[in-house]
Amino acid sequence: MFDNITRREAELFAKFKTSYEFGSEPGFRFVLDEYNDMFLDKGIIPETPIQVGLNITSACNLRCKHCSRIDKLNSDVKESSLFMHDWENIIEKLYDGDVLQVFITGGEPFMHPDIKSIIKSIKERNMLIGLLTNGLLIDESIAEFLKTFFTSKFDYIQLSMDSVYENYNNFRNGGDFNRLIKTIDLLVKKDIRTHVTMVVTDSNYKQMFDVYRFCIEHNVRYIKFMSLFEHPSTNLKFPRDDVVLKEFCKILEHYEKYKPNIKILSEPVALIYPFAIWLRKKYPEIKFTTGKHVCPAANSSCEISIDGNVYPCAYLENSKFYAGNILYGELREIWSKGVNWEKLRDRTIERYECINCDEKEKCYGACPAMSYYKYSNFNNGDSRCIILRESKEVV
Amino acid sequence: MKIAPNIIFRYESKIDGGTLFLFDLKNYKTFRGSIVEYKILKYIQDNKDKEEIINRIENEFGIEDCKNKIISFLKYLEENKFVIKEG
């Protein structure tokens, strides 16, 4: 399963996963971990979501190959959003519902004419912000605005970058890498917390080290690697965890040797549990413990779409999972009445494809949306799981 | 007075008959409290001054020795740097 991984690589990865000092840091993760311990592991669902994704626009200046919303994007800002007083109303309801963190997403959030007012409104209510952007529309005036309203350590900009220089436009149709470099240098100069995020696919996994090196050269302090969500609207695939892990270990080797001033906030491995099973058999002396996977969708977070509709997550924005419209109801009430949300909250489901897996009590089938898109139910496990893949390859 | 940037909080009525959870993101610590303490923090967040907070809490909860208890809690918040003084 992971037989291409050497002992040295296995040790490096185990160290990365078990030590915050190695580069990762808890950040808001600390709150989520506390909630998992206090609530979700005990089958208690918080009264309201602690995080909310706010999809403010379907307008986007790019057409990225791996975008799960590519079919819904448009170029006309006017078509794509509510009025500012509606957003004010929504943000007030999030505040009343004790939401702690808001992710501003799109489309491209900076295509929205009221983006500054939306940010200001959220910060006036002391909620934390994670703003997901391609960064190409951020100029000096926006950066200065962000510096004024963002709390430097706890609010952040997440910039998408899936490869560097001449390869950048292979993924980001319509992109301009030189423009992105200007944005990064500007945000870093202004000390705005900036995360660079790379979505790892079968087309770019060999460029992970290049992206990591670029970030070091440009003083980016946080980097995230995310495994591709294999949405039906993309032709790209996630490679395999063993292949990706091998590449990621080149980064860990460099990190261990040179200790650069960057924090690696996540690894690109889709499912950690098969690796744990393999490691236990191959190198039982290497310490490696896995935590419980709790999918946040409908458990601690939800997504509000451009028209105010509430869904469990960005990948389950469809009528089968509609919970209500935030403009016409209170968050607390909507959160408790989502259609089919109980399936995402039920931690006792025995997922039949995974029934014999040693880690099923920790993994719980990983990403339910991945199972849903592949099999139209939540019970078949995450289709990126290397164990499930190998079982199908054998068949 | 305002809530420190490293502090976030929320109230969970299903936990132990109702519990305030205050998270210190700087020191990675969690503190628990009551509905009254939650309301006080919420009023601080809504920019209410000390006198107004005392009036509102007295009216809402009718607690004995309310003023001193609130002053004592505000002192606790300041000492732990959960709130910062403005100006």
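We use all heavy atoms of the structure for the numbers below, so side chains are in, but hydrogens, waters and symmetry mates are not. Numbers restart at 1 for each chain; the letters A, B, ... are given by sequence-line order, proteins then strands. Note that the structure is a prediction, hence the values are computed from the model and not measured.
The candidate from A:L128, A:N126, A:T151 with the greatest count of non-hydrogen atom pairs under 4.5 Å with chain B is A:N126. In terms of heavy-atom pairs under 4.5 angstrom with chain A, the leader among B:I8, B:D46, B:I7, B:N6 is B:I8.
Heavy atoms closer than 4.5 Å to chain A are found in the backbone of B:D24, but not in its side chain. In this structure, the portions of A:I50 lying under 4.5 Å from any heavy atom of chain B include both its backbone and its side chain. The contact between B:F21 and chain A is made entirely by side chain atoms (from C-beta outward), counting heavy-atom distances below 4.5 Å. Looking at A:F150, there are no atoms closer than 4.5 Å to chain B (heavy atoms on both sides), in backbone or side chain. For A:E34, the part lying under 4.5 angstrom from a heavy atom of chain B is the side chain only. For B:I15, the part lying under 4.5 angstrom from a heavy atom of chain A is the side chain only.
Rounding to the nearest 0.5 Å places CZ of B:R10 at 3.5 Å from OG1 of A:T48. Atom-to-atom distance recorded for A:L100:CG and B:F23:CZ is 6.5 Å, nearest 0.5 angstrom.
Nearest heavy-atom pair across B:Y11 and A:E47 is O-OE2, 4.2 Å.
Under a cut-off of 6.0 angstrom, the local environment of NZ in B:K14 is crowded, with over 12 non-hydrogen atoms contributed by other residues, nucleotides or ligands. By the neighbour-count criterion of 12 heavy atoms within 6.0 Å, atom NZ of A:K120 is sparsely surrounded, having that number or fewer from other residues, nucleotides or ligands. Within 6.0 Å of NZ on B:K50 lie no more than 12 heavy atoms contributed by other residues, nucleotides or ligands. Within a 6.0 Å sphere centred on NZ of A:K259, other residues, nucleotides and ligands contribute more than 12 heavy atoms. The 12-atom threshold is not exceeded at CE of A:M226, counting heavy atoms of other residues, nucleotides or ligands nearer than 6.0 Å.
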Q. So B:Q45 and A:R125, side chain to side chain contact (heavy atoms under 4.5 Å, CB included) or not? Walk me through it.
A. CA-CA 7 Å; B:Q45 208 162 47; A:R125 291 168 177 82; over 6 Å; no
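Within the 4.5 Å cutoff, the side chain of B:P5 has no heavy atoms near those of the A:K153 side chain. The side-chain heavy atoms of A:Y95 and B:K42, taken from C-beta on, include a pair separated by under 4.5 Å.
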